[in-house]
A.B. asks: 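Encoded as C-alpha cells, here's the structure I'll be asking about.
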There are 2 protein chains.
Amino acid sequence: MSSTSALAPRDRLLRTASRLFYAEGLHTVGVDRLVSEAGVTRATFYRHFPAKEELIVAYLRGRSQEIRAAVAQIPAHRRGREALLGIMQSVAEDVRRADFRGCAFLNAAAEYPDPAHPVRVAVEEHHAWFFQALRDQAAEAGHIDPDHTARLLVLLRDGALQGGALGNPDRVCDTLLRAVNDLLAAAEPTGGGDASAEHDVRRGTLGG
Amino acid sequence: MSSTSALAPRDRLLRTASRLFYAEGLHTVGVDRLVSEAGVTRATFYRHFPAKEELIVAYLRGRSQEIRAAVAQIPAHRRGREALLGIMQSVAEDVRRADFRGCAFLNAAAEYPDPAHPVRVAVEEHHAWFFQALRDQAAEAGHIDPDHTARLLVLLRDGALQGGALGNPDRVCDTLLRAVNDLLAAAEPTGGGDASAEHDVRRGTLGG
DNA sequence: GGTGAGGTAGAACGATCGGTCTTTCTACCG
DNA sequence: CGGTAGAAAGACCGATCGTTCTACCTCACC
C-alpha cells in the first residue's frame with residue numbers, strides 16, 4: 001500500500017493485479033484481495049473495470065506492452081542475429097528472476113480453455129506478435145528459413161519459461177542458450193560453424 | 001453418463017475428473033459438476049477422496065502412469081535412439097489430438113504456484129521421471145552428453161505442448177520433429193560423420 | 001456557491017464454492 | 001435369514017465468489 005499509494009487508483013489496481021495474478025493465478029485471486037491490497041474500494045474497482053475479466057485482459061495487455069517496448073528499444077546496429085540473441089537472452093534473464101513463475105500468457109491460457117474468450121485472445125495476440133518479431137529479425141539476419149527459425153525460437157522460449165518454473169532455472173537457462181547458440185550458428189546463411197564470429201550468448205543484454 | 005455407468009463409482013469419478021480437469025482446468029471445475037457428470041453423489045465422492053485436492057492428485061498420477069506404461073512398452077530392440085524418437089513422436093501425436101489442450105501437468109502447475117503443494121509435487125515427480133527416462137535412453141544411445149540431450153528434449157516437449165495449445169498444431173509438430181531429428185543426428189557419437197558434426201557435438205547442437 | 005465526477009466506506013445481493021450431514025435403498029455374504 | 005457396507009438422494013453448512021448498492025466526502029470547475 002505504501003509503495004503504491006502515490007499512484008492513481010486505476011494504476012494501483014493494475015500494479016496490484018499484475019503482481020497477484022502472476023504470482024498466484026487468475027482464478028485464485030479474488031476481487032476482495034485485489035481491492036484490499038491496492039487500497040481501493042470495490043466501487044472504485046468497478047468504476048474503472050466493468051468486470052474482473054477486463055482487469056485480467058488489461059494486465060496481460062500491459063505486460064505485452066512492456067515486452068514490445070523492450071524489443072522496440074533494440075538499437076539499429078543490433079538488428080538481425082544480435083537482436084535474436086538479445087531477445088532470447090532476456091528470456092533467460094526472466095527465468096532467473098527470483099519471483100519467476102513461468103510465462104504470464106501461457107499460464108493465463110491454461111486457466112482459460114475457450115479460444116474465443118477475451119483473455120485467450122489477448123494471449124494469442126501476444127504470442128503471434130512475438131513470433132512475428134522473431135521472424136522479422138531472422139529474415140534480417142538472412143536466415144534461409146526465417147519462419148522455421150522463428151517457430152523454433154518460440155518453441156524454445158515456451159519450453160524454457162514453462163519448464164523453468166518447475167526445475168532448476170540455471171540449468172534450464174543453460175540448455176536454452178546453448179540451443180539458441182547452436183540454432184543460430186547453423187541457420188545462418190554463412191553456413192555456421194565460423195568459430196571467429198561466435199559469441200557467447202550468455203553475455204548479451206537486451207535494452208541495456 | 002451412459003458411457004461410464006458400467007464402471008465402479010470411483011473409476012467413474014476418476015474418468016470424469018480426467019476429462020473435465022484437462023478440458024476446463026482445475027479451479028473452474030467444481031465438485032457439483034464432478035459428481036453430477038460422473039453420476040455419483042457427493043457422499044460417494046467424499047467416501048473415496050477426502051478432498052477435491054486428492055482427486056486432482058489422483059488424476060495427475062493416473063495420467064502419469066499411463067505415460068509411464070506407454071514408455072515401458074517400448075521393445076528392447078528399439079532402445080536408445082529409436083526410443084527417443086518414438087517418445088517425441090508420441091508427444092507430437094498428442095499435440096495433434098482434437099481435444100488437445102496442452103500438457104496436463106504444466107497446466108496444473110500454472111494453477112498451483114506453491115512448490116510444496118501436493119499437486120505441484122505430483123507435477124514435478126512426473127517431470128523428473130520424464131527427464132530420467134529420456135536421459136537413460138540418451139545414455140543408451142551413446143550420447144556424449146545425455147544430460148544435455150535429455151534436458152533439451154524436455155524443453156522441446158514443454159514448448160511444443162504449451163505452444164501447440166495456442167497456435168497451429170501441425171506447424172508446431174513439424175517444428176518439434178525437425179528439431180528432434182537434427183538434435184539426434186548431431187548428438188550421436190557416430191553422428192553423420194561429417195566435419196561440422198565433430199565441432200557441434202562438443203557444444204551440443206540444435207540446428208538444421 | 002452550487003454542481004457533478006470520482007473517491008471512500010461498507011452493507012448486501014444471489015450464486016457457487018468445498019465439505020458434512022441424515023436417510024433410504026440395494027447388494028453381497030455369513 | 002439377518003447383518004453390514006457402499007451407494008443414492010438431497011438437505012444443509014459457512015465461506016467466498018463477482019457484483020451492485022446506498023451514503024457520504026472532497027475538490028476542481030463554471
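Every heavy atom of this structure was used, including side-chain atoms; hydrogens, water molecules and symmetry mates were not. Each chain gets a letter, A, B and so on, in the order its sequence line appears, and its residues count up from 1. Since the model is a prediction, treat every value here as computed from it, not as a measurement.
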A.B. asks: Just by distance, no angles: are the side chains of A:D158 and A:H127 close enough, under 3.5 Å, to form a donor-acceptor pair?
C.D. replies: yes

A.B. asks: To the nearest angstrom, how far is A:H27 atom NE2 from D:dT16 atom C1'?
C.D. replies: 15 Å

A.B. asks: Testing the 3.5 Å rule here: is there a donor-acceptor pair between the side chains of A:R68 and A:S64?
C.D. replies: yes

A.B. asks: Quick one: does B:R47 reach the base of D:dA7 with a side-chain donor-acceptor pair under 3.5 Å?
C.D. replies: yes

A.B. asks: Which of these nucleotides, D:dT19, D:dA8, C:dG7, is closest to any side-chain atom of A:P9?
C.D. replies: C:dG7

A.B. asks: Given atom OH of B:Y46 and atom P of D:dG10, what is their separation to the nearest angstrom?
C.D. replies: 18 Å

A.B. asks: A:H48 side chain N/O closer than 4.0 Å to the phosphate oxygens (OP1, OP2) of C:dG7?
C.D. replies: yes

A.B. asks: Please walk me through it: do A:V71 and A:W129 pass side chain to side chain contact (heavy atoms under 4.5 Å, CB included)?
C.D. replies: CA-CA 11 Å; A:V71 169; A:W129 165 83; 3.8 Å; yes

A.B. asks: Please give, in whole Å, the distance from C:dA12 P to A:R42 CZ?
C.D. replies: 14 Å

A.B. asks: Can you tell me the distance, in whole Å, between the CZ atom of B:R33 and the P atom of C:dG18?
C.D. replies: 12 Å

A.B. asks: Roughly how many Å is it from CG in B:L34 to P in D:dA8, rounded to a whole number?
C.D. replies: 14 Å

A.B. asks: Any side-chain N or O of B:T41 under 4.0 Å from OP1/OP2 of D:dA7?
C.D. replies: no

A.B. asks: Just how far, in rounded Å, is P of D:dT16 from NZ of B:K52?
C.D. replies: 16 Å

A.B. asks: Can you tell me how far C1' of D:dA7 sits from CZ of B:R12, to the nearest Å?
C.D. replies: 9 Å

A.B. asks: If I take atom CD in residue A:E53 and atom P in nucleotide D:dC17, what distance separates them, rounded to the nearest angstrom?
C.D. replies: 18 Å

A.B. asks: Please verify the inter-ring angle class for B:F105 with B:H126; under 30° counts as parallel, over 60° as perpendicular, anything in between as tilted.
C.D. replies: parallel

A.B. asks: Hey, does the side chain of B:T44 come within less than 4.0 Å of D:dA8's phosphate (OP1/OP2), counting only N and O?
C.D. replies: yes

A.B. asks: Remember a base hit wins even if backbone is also touched, and classify B:A43 as base, sugar-phosphate or nothing at under 4.0 Å, heavy atoms.
C.D. replies: base

A.B. asks: Ring of A:Y59, cation from A:R15 - is the NZ or CZ under 6.0 Å from the centre and inside 45° of the axis?
C.D. replies: no

